[in-house]
Enquirer: 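Pasting a structure below so you can have a look.
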Amino acid sequence: MVLDDLGNSLRDSLGKLSGQSRVTEEDVEEIVKEIQRSLLQADVEVSLVMELSDSIKERALEEESPAGTSARDHVLSIVYEEMVALVGDSTEIPLEEQTILLAGLQGSGKTTTAAKMAWWFSKKGLRPAIVQTDTFRPGAYDQAKEMAGRAEVDFYGDPDEEDPVKIARDGLEATSDADVHIVDTAGRHALEDDLIDEIEDIERAVDPDRNLLVLDAAIGQGAKDQASQFDDSIGIEGVIVTKLDGTAKGGGALTAVNETDSSIAFLGTGEEVKNIERFEPSGFISRLLG
Ligand code: GDP
């Protein structure tokens with residue numbers, strides 16, 4: 001991370017340290033305050049912000065800067081290391097046969113993400129298929145089919161079948177030539193019991209290799225409940241943050257990662273099938289601190 005990755009105020013506070021060989025408690029307080037301000041604005045949960053602040057403060061004051069390193073660069077590297085520890089590395093997604101189940105609330109971007117991920121796997125040389133089990137949202141079938149067409153990947157759905165578990169089973173069978181199965185599920189507006197029951201049933205039928213939680217970057221403080229409920233019911237191995245092309249910074253994803261003891265797998269950066277990126281900590285950290 002370089003200074004340019006940071007927001008103006010934080011850059012200024014760190015800039016003041018240039019030429020200094022030591023940092024004072026006052027310097028550290030000012031820097032930590034700027035970091036707190038950015039992270040809270042990015043919707044990172046207060047307790048996480050406090051934890052991070054404490055570790056940065058402690059290390060910046062206790063650790064000697066290595067010979068030849070300015071106080072500014074030393075503090076900057078501590079900030080970066082502590083942020084990486086919080087954000088985590090990208091969720092491992094092996095390029096092999098697998099079944100992935102997508103969970104999330106309605107509108108979070110699951111259907112779009114299923115097509116994006118399928119496109120991503122196809123570019124890696126695998127043969128993906130999307131299985132669309134959302135019988136709840138009108139239009140989900142058509143949207144998924146259309147997007148699968150745009151991604152040029154296999155697709156299964158059944159607009160006449162009401163049982164999502166049957167669709168999931170039939171879908172896996174019908175697309176057995178595919179290497180990677182991405183199973184899209186229904187969302188609801190809130191975490192209702194029937195949503196949780198349904199996804200548990202699908203999970204049992206599909207027996208996925210990993211369950212990924214799709215979260216809108218603007219989710220903010222609501223991330224905690226969602227993450228913990230989906231984690232309790234099916235177990236969450238990774239998070240996908242969508243709509244990062246908007247203004248939201250996606251700090252809620254950190255809450256979800258912390259809550260589910262997982263990491264971030266992918267980022268969604270637009271409405272097209274190609275608008276997907278593998279998560280990479282430094283860009284995300286710059287965004288949170290920018
Ligand atoms: P689902 O209900 O969870 O399946 O959500 P959808 O996939 O239908 O997405 C809801 C809306 O968000 C749609 O209008 C999508 O085009 C839009 N959307 C999804 N991902 C992104 C993204 O990364 N960026 C933008 N700008 N829009 C997105």
Side-chain angles (χ1 to χ4, degrees), residues 42-43 90-91 100-121 123 128-151 153 155-159 164 167-168 171 181-192 194-196 198-199 202-203 206 208 211-220 222-223 225-227 229-230 233-234 236 238-253 256 264-280 283-284 287-288:
D43 278 330
S90 163
T91 313
I100 297 174
L101 184 76
L102 297 183
L105 292 192
Q106 187 167 329
S108 57
K110 282 183 307 304
T111 302
T112 311
T113 300
K116 288 177 181 178
M117 282 177 62
W119 179 83
W120 185 86
F121 277 112
K123 291 296 147 201
I130 299 171
V131 177
Q132 166 59 259
T133 72
D134 187 350
T135 54
F136 183 79
R137 179 163 65 89
Y141 171 83
D142 290 334
Q143 179 197 350
K145 191 172 178 198
E146 204 255 327
M147 290 207 78
R150 270 193 265 157
V153 297
F155 172 79
Y156 182 88
D158 184 351
I167 300 179
H181 290 94
I182 300 168
V183 181
D184 188 14
T185 61
R188 302 284 192 275
H189 293 298
L191 286 159
E192 291 136 5
D194 61 340
L195 166 69
I196 298 295
E198 179 177 305
I199 202 161
I202 296 174
E203 216 259 344
V206 164
N211 301 324
L212 302 181
L213 175 66
V214 180
L215 280 183
D216 186 320
I219 183 70
D225 269 2
Q226 271 188 54
Q229 290 218 37
F230 280 116
S233 65
I234 55 169
I236 294 295
V239 172
I240 299 172
V241 195
T242 64
K243 309 185 196 180
L244 279 167
D245 48 318
T247 54
K249 295 193 167 168
I264 306 178
F266 289 100
L267 305 177
T269 56
E271 297 187 71
E272 300 301 321
V273 291
K274 293 177 185 165
N275 299 144
I276 182 166
E277 291 170 16
R278 267 298 254 151
F279 172 72
E280 166 276 308
F284 196 71
R287 186 182 174 96
L288 291 174

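These numbers come from a predicted model, not from an experiment. All ligand and atom numbering here is 1-based and tracks the order in the structure.
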Enquirer: For Phe284, check ring pair (Phe, Tyr, Trp, His ring centres under 6.0 Å) against everything at least two apart and list the hits.
Expert: Phe279

Enquirer: Quick one: look up the protein heavy atom nearest atom 22 (C) of ligand 1 and list residue, atom name and how far away it is.
Expert: Gly270 O, 3.0 Å

Enquirer: How far is atom 15 (C) of ligand 1 from the closest protein heavy atom, and which atom is that?
Expert: Thr112 OG1, 3.6 Å

Enquirer: Test your reading of the structure: does Gln143 have an N or O sitting under 3.5 Å from an N or O of ligand 1?
Expert: yes

Enquirer: Please name the residue in the list Lys110, Gln143, Met117 that meets the side-chain contact (heavy atoms from CB on, under 4.5 Å) test with Asp184.
Expert: Lys110

Enquirer: Side chain, backbone, both or neither: which applies to Thr269 and ligand 1 if a contact is any heavy-atom pair less than 4.0 Å apart?
Expert: backbone

Enquirer: In the protein, which heavy atom is nearest to atom 10 (C) of ligand 1, and how far is it?
Expert: Gly107 O, 3.7 Å

Enquirer: Taking non-hydrogen atoms only, is Leu105 closer than 4.0 angstrom to ligand 1 via side chain, backbone, both or neither?
Expert: backbone

Enquirer: For the CG atom of Asp158 and the OG1 atom of Thr133, what is their distance to the nearest 0.5 Å?
Expert: 12.0 Å

Enquirer: Nearest 0.5 Å, what's the OG1-CG distance between Thr242 and Asp216?
Expert: 4.5 Å

Enquirer: To the nearest 0.5 Å, how far apart are CG in Leu212 and CD1 in Ile264?
Expert: 12.0 Å

Enquirer: Between ligand 1 and Leu244, is the shortest N or O to N or O distance under 3.5 Å?
Expert: no

Enquirer: Could you tell me the residue and atom name of the protein heavy atom closest to atom 11 (C) of ligand 1, and the distance to it rounded to 0.1 Å?
Expert: Lys243 NZ, 4.1 Å

Enquirer: Which of these, Lys116, Arg137, Glu271, has its nearest heavy atom closest to atom 20 (N) of ligand 1?
Expert: Lys116

Enquirer: Quick check on contacts: which atoms of ligand 1 are under 4.0 angstrom from a heavy atom of Gln106?
Expert: 2 (O)

Enquirer: Starting from atom 3 (O) of ligand 1, which protein heavy atom do you reach first, and at what distance in Å?
Expert: Lys110 N, 2.8 Å

Enquirer: Only heavy atoms of Gly268, strictly under 4.0 Å: list the atoms of ligand 1 that pass.
Expert: 23 (O)

Enquirer: Among Gly139, Gly187, Ala140, Gly109, which residue places a heavy atom closest to atom 5 (O) of ligand 1?
Expert: Gly109

Enquirer: Would you mind listing which atoms of ligand 1 come within a distance below 4.0 Å of any non-hydrogen atom of Asp245?
Expert: 22 (C), 23 (O), 24 (N), 25 (C), 26 (N)

